Engineer: 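This is the structure I have questions about; it appears just below.
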Amino acid sequence: MFKKIGLFLSSLVLAMMVVISATAPANAATVEVKMGADSGMLAFQPAEVTIQAGDTVKWINNKLAPHNVVFDSSAPNAAELSHKGLAFAAGESFEATFDEPGEYSYYCEPHRGAGMNGKIIVQ
Ligand SMILES: [Cu+2]
C-alpha cells in the first residue's frame, strides 16, 4: 500500500519535472549591438539582427555618443522596449527582451537624420 503511494508520488514528481523543463525558455541568448560603428559611422552594428522569441538585445555604446534606442510606434510594445535616455559614456549599455515574434524597427533620436536606424527580427 505505502509502496504504491510512493511509486505514484515519484512518478508524479517526474511528470512535473518534464513539464517544467519543457516550458522553460530554451537557451535564451543575448545578442550585442554596437551604437556607433567601429568604422566611425553613425550606425548600429549590426544594423539588422535576427533573434528567437525570448532573446535579449544588448546595445553597447561604442563611438560618436550620445545615442539612444527608440522603437517605431508600429513595433509591438514600442514604449516599453525603447530606451530614451541618452548614453554618453563608452561601454554604457541597455537591454530589451523580445517575447513576441515580429519586426521591430528603431532609431537613435539625435542621429535619426543621419540614418542611424536598426531592425530586430524576432522569429
Ligand atoms: Cu546615435
Side-chain angles (χ1 to χ4, degrees):
M1 176 64 184
F2 286 117
K3 220 174 187 179
K4 265 191 174 169
I5 289 173
L7 197 68
F8 172 73
L9 284 176
S10 58
S11 57
L12 192 69
V13 166
L14 197 72
M16 284 166 69
M17 280 165 66
V18 168
V19 169
I20 289 166
S21 62
T23 53
N27 317 313
T30 297
V31 176
E32 295 183 349
V33 174
K34 289 176 184 172
M35 298 187 287
D38 290 332
S39 61
M41 296 283 287
L42 282 168
F44 292 101
Q45 188 181 13
E48 188 177 308
V49 292
T50 301
I51 61 171
Q52 304 299 312
D55 287 353
T56 295
V57 174
K58 181 179 186 179
W59 288 270
I60 304 169
N61 214 6
N62 187 42
K63 289 193 169 180
L64 306 166
H67 303 293
N68 67 359
V69 169
V70 179
F71 282 89
D72 292 346
S73 52
S74 59
N77 312 320
E80 292 130 80
L81 293 168
S82 294
H83 190 283
K84 291 210 165 199
L86 289 166
F88 285 89
E92 206 176 325
S93 67
F94 27 84
E95 300 183 356
T97 299
F98 297 81
D99 294 320
E100 260 186 73
E103 286 195 11
Y104 298 72
S105 292
Y106 65 94
Y107 56 89
C108 168
E109 235 166 4
H111 300 132
R112 192 178 193 181
M116 190 169 172
N117 305 308
K119 189 192 269 187
I120 312 287
I121 298 164
V122 183
Q123 293 183 327

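Both counts, for ligands and for their atoms, begin at 1 and track the order of listing. Only a predicted model underlies this, so the values are computations on that prediction, with no experimental measurement involved.
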Engineer: Tell me whether Leu81 is reachable from Val49 by hopping between hydrophobic residues (I, L, V, M, F, W, Y) whose side-chain heavy atoms are closer than 4.5 Å.
Structural biologist: yes
Engineer: Keeping waters out of it, list the protein N, O or S atoms under 2.8 Å from the Cu ion (ligand 1).
Structural biologist: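 Checking every protein N, O and S atom gives His67 ND1, Cys108 SG, His111 ND1, Met116 SD.
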Engineer: Other than Leu86, what residues sit in its cluster of Ile, Leu, Val, Met, Phe, Trp and Tyr side chains whose heavy atoms are under 4.5 Å apart, directly or through others?
Structural biologist: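 Members alongside Leu86: Phe88.
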Engineer: Applying the 4.5 Å side-chain criterion to the ILVMFWY set and letting contacts propagate, would Phe94 and Val33 be lumped into a single cluster?
Structural biologist: yes
Engineer: Under 3.5 Å, which donor-acceptor pairs link side chains of residues 104-113 to any protein atom two or more places apart or in another chain?
Structural biologist:
| unit_1 | atom_1 | unit_2 | atom_2 | d |
| --- | --- | --- | --- | --- |
| Tyr104 | OH | Glu100 | O | 2.5 |
| Tyr106 | OH | Trp59 | NE1 | 3.0 |
| Glu109 | OE1 | Asn68 | ND2 | 3.0 |
| His111 | ND1 | His67 | ND1 | 3.1 |

Engineer: Can I get a per-line list of side-chain donor-acceptor pairs under 3.5 Å for residues 35-47, giving both atom names and the distance, sequence neighbours left out?
Structural biologist:
| unit_1 | atom_1 | unit_2 | atom_2 | d |
| --- | --- | --- | --- | --- |
| Asp38 | OD1 | Lys34 | NZ | 3.3 |
| Asp38 | OD1 | Asn62 | ND2 | 2.9 |
| Asp38 | OD2 | Lys34 | NZ | 2.8 |
| Gln45 | OE1 | Asp38 | N | 2.9 |

Engineer: Hydrophobic cluster membership, with links at side-chain heavy-atom distances under 4.5 Å among I/L/V/M/F/W/Y: are Val31 and Phe71 in one?
Structural biologist: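 The answer is yes; both residues are in one hydrophobic cluster.
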